[in-house]
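Proteins get letters first, then strands, A, B, ... in listed order; numbering begins at 1 in each.
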2 protein chains.
Amino acid sequence: MKDIIELLRSRGYKMTPQRRTVIKALFECGKFPTAQDILEYAKTINPDMGLDTIYRNLNLLTEIGVLNIINIKSRDVSVFEVVTNHHHHLICLDCGQMECLDYCPIAGDSEKMAEEKEFKIVGHSLEFYGYCCKCQAS
Amino acid sequence: MKDIIELLRSRGYKMTPQRRTVIKALFECGKFPTAQDILEYAKTINPDMGLDTIYRNLNLLTEIGVLNIINIKSRDVSVFEVVTNHHHHLICLDCGQMECLDYCPIAGDSEKMAEEKEFKIVGHSLEFYGYCCKCQAS
DNA sequence: CTCACTGCAAAGGCTTTGCAGATTC
DNA sequence: GAATCTGCAAAGCCTTTGCAGTGAG
């Protein structure tokens with residue numbers, strides 16, 4: 001969290017209470033918060049916070065590379081995740097719940113194949129879809 | 001294309017000119033059309049076609065499993081793809097162009113790992129992000 | 001003749017943007 | 001003091017939905 005604040009400072013961005021709150025929220029809202037989740041948390045600290053400020057800050061954090069936006073099928077909102085180690089996700093098609101999966105099968109050979117198509121690969125995303133424990137029951 | 005029409009018939013759906021046009025468009029619009037692309041094509045055949053009809057039919061085709069909806073970062077619209085063999089995609093972060101990649105590294109071991117988390121996996125999506133030939137130049 | 005389908009229009013929901021005033025630095 | 005940032009409000013955009021009329025089977 002301090003790293004993020006430092007990075008913003010070093011890039012010349014100003015540190016406002018709202019911005020600080022958004023960053024704090026990212027660490028305290030639980031995993032995969034939506035912009036709405038962050039707004040709700042933020043309002044407990046500053047009731048005047050607006051959703052637009054949340055979005056502006058989330059977008060900024062994404063631009064500087066410390067945040068991932070995740071768009072999942074079966075849910076129409078974006079969820080956010082602080083960038084940490086490289087990993088992928090399990091997503092429940094029923095309830096939308098997500099879990100991290102420290103597994104990545106992508107090796108160099110895939111990039112070779114891609115480069116045959118004259119693409120320069122810079123990353124990938126991999127999501128597994130299925131049904132979580134609870135939703136399998138029903 | 002005839003297969004799709006047969007499948008619809010066998011499930012009791014009616015075959016309207018509009019529906020036929022949407023199906024035709026999926027094969028003649030080029031790869032990865034958006035709903036808009038399909039509308040434009042459809043209007044050359046029937047100028048009265050509405051975007052709502054397009055969406056209703058695309059959603060129907062997705063429900064019966066003959067169409068994939070693909071949501072990509074860096075573009076805010078959905079693109080569609082007729083279901084064929086299992087494969088993944090290369091996506092240009094700059095212009096949004098997509099290419100198919102007949103490569104899939106996902107093996108049984110990934111499913112085992114997932115099932116440790118008590119997820120029942122039914123599928124996965126994998127996209128490679130990068131820059132296409134043209135966009136590497138600029 | 002019946003039920004599904006279409007077109008129109010409007011609504012929904014998430015996200016972005018313009019603007020004036022307030023805040024950092 | 002200058003430039004960024006916020007809050008408000010409104011707009012944008014893709015997609016969905018309600019409804020009455022039309023058309024397929």
Side-chain angles (χ1 to χ4, degrees), chain A residues 4-25 32-64 67-80 96, chain B residues 4-25 32-64 67-80 96:
Chain A
I4 294 177
I5 292 174
E6 280 314 306
L7 181 58
L8 284 168
R9 280 231 168 82
S10 73
R11 300 256 182 127
Y13 294 107
K14 297 181 177 173
M15 198 47 53
T16 63
Q18 293 91 335
R19 181 160 291 160
R20 210 182 291 272
T21 302
V22 170
I23 296 170
K24 199 172 170 208
F32 311 120
T34 64
Q36 272 298 340
D37 294 335
I38 291 171
L39 178 64
E40 275 157 39
Y41 175 91
K43 283 201 165 176
T44 65
I45 296 176
N46 174 356
D48 291 338
M49 289 269 308
L51 196 51
D52 40 17
T53 301
I54 307 284
Y55 274 111
R56 273 190 281 235
N57 279 292
L58 292 174
N59 288 342
L60 174 61
L61 292 170
T62 303
E63 272 170 36
I64 66 170
L67 199 60
N68 277 335
I69 300 182
I70 309 175
N71 297 299
I72 41 185
K73 309 186 196 186
S74 77
R75 270 176 94 183
D76 44 357
V77 290
S78 302
V79 303
F80 296 86
Chain B
I4 294 177
I5 293 173
E6 281 314 307
L7 181 58
L8 284 167
R9 281 231 168 80
S10 71
R11 300 257 183 123
Y13 294 106
K14 296 182 174 173
M15 198 47 53
T16 63
Q18 292 90 336
R19 180 161 292 161
R20 211 181 289 274
T21 303
V22 170
I23 296 168
K24 200 172 170 210
F32 311 119
T34 63
Q36 272 298 339
D37 294 334
I38 291 171
L39 177 65
E40 273 157 40
Y41 175 92
K43 283 200 164 177
T44 66
I45 296 175
N46 174 356
D48 291 338
M49 290 269 307
L51 195 51
D52 39 19
T53 301
I54 307 283
Y55 274 111
R56 274 189 280 236
N57 279 292
L58 292 175
N59 288 341
L60 174 61
L61 293 170
T62 303
E63 271 170 38
I64 67 170
L67 198 60
N68 277 335
I69 301 182
I70 309 176
N71 297 300
I72 41 184
K73 310 184 198 191
S74 77
R75 270 178 92 185
D76 43 357
V77 291
S78 302
V79 303
F80 297 85

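- Between the OG1 atom of Thr21(A) and the CZ atom of Arg19(A) there is a distance of 11.5 Å, given to the nearest 0.5 Å.
- To the nearest 0.5 angstrom, Met49(B) atom CE is 3.5 Å from Ile54(B) atom CD1.
- In this structure, Lys14(B) places its NZ atom 15 Å from P of dT22(D), rounding to the nearest Å.
- Close to dT16(D), at under 4.0 Å from its OP1 or OP2, lies a side-chain N or O of Asn59(B).
- Both Gln36(A) and Asp52(A) sit near DNA chain C, but only Gln36(A) has its closest nucleotide nearer the 5' end.
- Atom CG in Leu51(B) sits roughly 14 Å away from atom P in dA9(C) (whole-Å rounding).
- Contact check, Thr16(A) against dT6(D): a side-chain N or O comes under 4.0 Å of OP1 or OP2.
- Ile5(B) has its CD1 atom 14 Å from the C1' atom of dA24(D), to the nearest Å.
- We find that NZ of Lys43(A) is positioned 15 Å from P of dT6(D), with the value rounded to whole Å.
- Distance, Asp37(A) CG to dC14(C) P: 11 Å, rounded to whole Å.
- With rounding to whole Å, Arg56(B) atom CZ is found 16 Å from dT22(D) atom P.
- Atoms CE (Met15(B)) and C1' (dC5(C)) sit 11 Å apart, rounded to a whole Å.
- Following rounding to the nearest Å, Arg20(B) (CZ) and dG23(D) (C1') show an atom-to-atom distance of 13 Å.
- Backbone-only contact: Arg19(A) has heavy atoms under 4.0 Å from sugar-phosphate atoms and none from a base.
- One finds a side-chain N or O of Thr53(A) lying less than 4.0 angstrom from the OP1 or OP2 phosphate oxygen of dG7(D).
- With 3.5 Å as the limit, one finds a donor-acceptor pair spanning the side chains of Thr34(B) and Asp37(B).
- Contact annotation: Asn71(A) does not reach the phosphate of dC14(C) (side-chain N/O to OP1 or OP2, under 4.0 Å).
- Two residues, Pro17(A) and Val79(A), neighbour DNA chain C, and the one matched to the more 5' nucleotide by heavy-atom proximity is Val79(A).
- Note that CG of Asn71(A) is 10.5 Å distant from CG of Asp76(A), once rounded to the nearest 0.5 Å.
- For the pair Asn46(B) and dT6(C), the criterion of a side-chain N or O lying under 4.0 Å from OP1 or OP2 is not met.
- For the atom pair CG (Leu67(A)) and CG (Asn59(A)), the distance works out to 9.0 Å, reported to the nearest 0.5 Å.
- With DNA chain D read from its 5' end, the first of the two nearest nucleotides for Gly50(A) and Ala35(B) is the one closest to Gly50(A).
- Gln18(A) has no side-chain polar atom (N or O) that falls below the 4.0 Å cut-off from OP1 or OP2 of dT23(C).
- Among the heavy atoms of the strands lying under 4.0 Å from Ser78(B) are primed sugar atoms or P, OP1, OP2 only; no base atom is included.
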